[in-house]
Amino acid sequence: MRPNCFFTILTIVLLAYSCEQQSSSSAGFKDDTETATLANVFEDNFYIGTALGAQHITGENAKATELIQTQFNAITPENIMKWMHIHPGRDSFNFDLPDQFVALGEANDMHIVGHTLVWHSQTAPWVNDIADSAAMAAVMEQHINTIMGRYKGRVHGWDVVNEALNEDGSLRESIFLKTMGEAYLKRAFDLAAAADPDAELYYNDYNLCEPAKRAGCIEMIKKLQADGTKIDGVGIQGHFYMNTPSLEEIEKTIREFSALGLKVMFTEVDISVLPTPWGLRGADVNQNFEGGNIMDPYQEGLPDSVAVSLGKRYADIFRLFLKYDENISRVTFWGVDDGHSWKNNFPIRGRTDYTLLFDRNQEPKVAFDSLMVLKRAE
Ligand code: 9MR
């Protein structure tokens with residue numbers, strides 16, 4: 001068979017599958033309840049979260065607001081609690097949007113996550129000028145105590161340390177490591193545990209399904225645990241691609257972190273359908289490349305065949321999440337809809353990616369339907 005012919009037949013088969021999935025799922029909602037949503041379909045399994053930008057917190061788009069309130073039962077602030085925004089000067093804090101974010105979560109009875117306390121990226125410039133250990137320790141104490149103290153009992157879990165590891169599993173040479181040495185990790189968790197003893201405390205990173213980085217992470221967490229540090233969970237960010245990581249590696253990752261006695265969370269889930277330049281994977285926000293149309297093939301819309309493949313990839317991954325729902329406490333998508341996804345600008349700026357479950361008009365995609373029907377197949 002000629003390759004063109006093969007692909008035409010494959011597309012027809014995929015489309016037929018898509019239509020069948022869509023009709024059975026929408027019919028299914030009506031049979032069960034008119035108001036089936038992600039949050040209530042997976043209610044017995046894990047929280048279903050989303051990341052909110054400032055525009056969502058201020059409620060600029062009524063359709064997005066409705067999605068947030070109905071489809072999700074956990075929220076993470078995408079940017080507004082990062083150091084440069086919340087603590088821009090040594091003694092100045094900006095709590096305007098963070099207060100609104102927490103209030104929004106409370107008004108909707110949501111699981112509220114704080115993101116992120118200690119991260120090398122997007123610190124305020126003055127933090128990078130700190131040169132010695134005692135000064136950094138004092139600043140870290142002020143930062144954690146002030147922010148966690150303000151939301152004590154209201155923010156339920158915190159990404160205490162974010163992305164402390166290199167790809168080979170060694171510790172990243174961040175400003176915190178440079179000034180305080182490895183001790184900064186324990187210090188951050190200890191401060192957080194004291195600031196709000198009831199809050200869950202997480203280590204959060206990308207590429208944890210890669211064996212070397214995962215091994216480094218496990219070693220780091222074991223050391224913290226051996227030193228009596230309170231750490232409740234690990235956030236596997238989950239910036240995934242269509243073909244990587246493999247289901248086998250995702251499964252190993254869930255099992256290995258669960259074996260440490262930690263809650264496992266997938267905290268920043270998205271799946272890029274676009275080509276990656278030079279085999280790049282991960283979420284290092286310092287990497288950016290220029291690209292032409294070959295790298296941005298779906299500017300006019302997502303072809304049905306790709307929409308179906310994305311749905312299948314999401315379903316495969318969620319089937320695994322359901323298998324380990326005893327260990328997984330939360331699955332958070334990194335954004336509300338495709339138009340909002342950071343992937344439109346990473347690792348090449350200005351592309352049109354389709355990473356999430358809702359399209360640019362906040363309408364559900366095939367990927368949404370493919371998850372909504374999963375539980376029925378159990
Ligand atoms: O989605 C976030 C994007 O809007 C920001 O420009 C970027 C830089 O701060 O951070 C993105 O979120 C990151 C998250 O905070 C930590 N893990 C990687 C995420 C994607 O870069």
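As the structure lists them, so they are numbered: ligands from 1, and atoms in each ligand from 1.
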With a 3.5 Å cut-off and no angle check, do the side chains of Glu268 and Asn204 form a donor-acceptor pair? yes
Under a 4.0 angstrom heavy-atom cut-off, which atoms of ligand 1 come close to His239? 18 (C), 19 (C)
For ligand 1, which part of Asn79 has a heavy atom less than 4.0 Å away: the side chain, the backbone, both, or neither? side chain
Salt bridge present between Lys223 and Asp227 (N-O < 4.0 angstrom): no
Using a 4.0 Å heavy-atom cut-off, which part of Tyr206 comes near ligand 1: side chain, backbone, both, or neither? neither
Element-labelled atoms of ligand 1 that are located less than 4.0 Å from some non-hydrogen atom of Asn162: 16 (C)
Can you name the nearest heavy-atom pair linking Thr123 to Trp83, along with the distance? CA-CB, 3.7 Å
Mind checking the NE2-CD1 spacing from His156 to Ile75? Nearest 0.5 Å is all I need. 10.0 Å
Determine, step by step, whether Glu249 and Lys252 satisfy the salt bridge (Lys or Arg N to Asp or Glu O under 4.0 Å) criterion, reporting the C-alpha distance in whole Å, the side-chain angles of both residues, the deciding distance to 0.1 Å, and the verdict. CA-CA 5 Å; Glu249 288 302 335; Lys252 269 193 211 163; 3.5 Å; yes
Heavy-atom nearest neighbour of atom 13 (C) of ligand 1 within options Glu78, His340, Gln122, Lys82: Lys82
Spatial distance of atom NZ (Lys365) from atom CZ (Phe358) [nearest 0.5 Å]: 10.0 Å
Can you find a non-hydrogen atom of Trp334 under 4.0 Å from ligand 1? yes
Which atoms of ligand 1 have any heavy atom of Trp342 under 4.0 Å away? 1 (O), 20 (C), 21 (O)
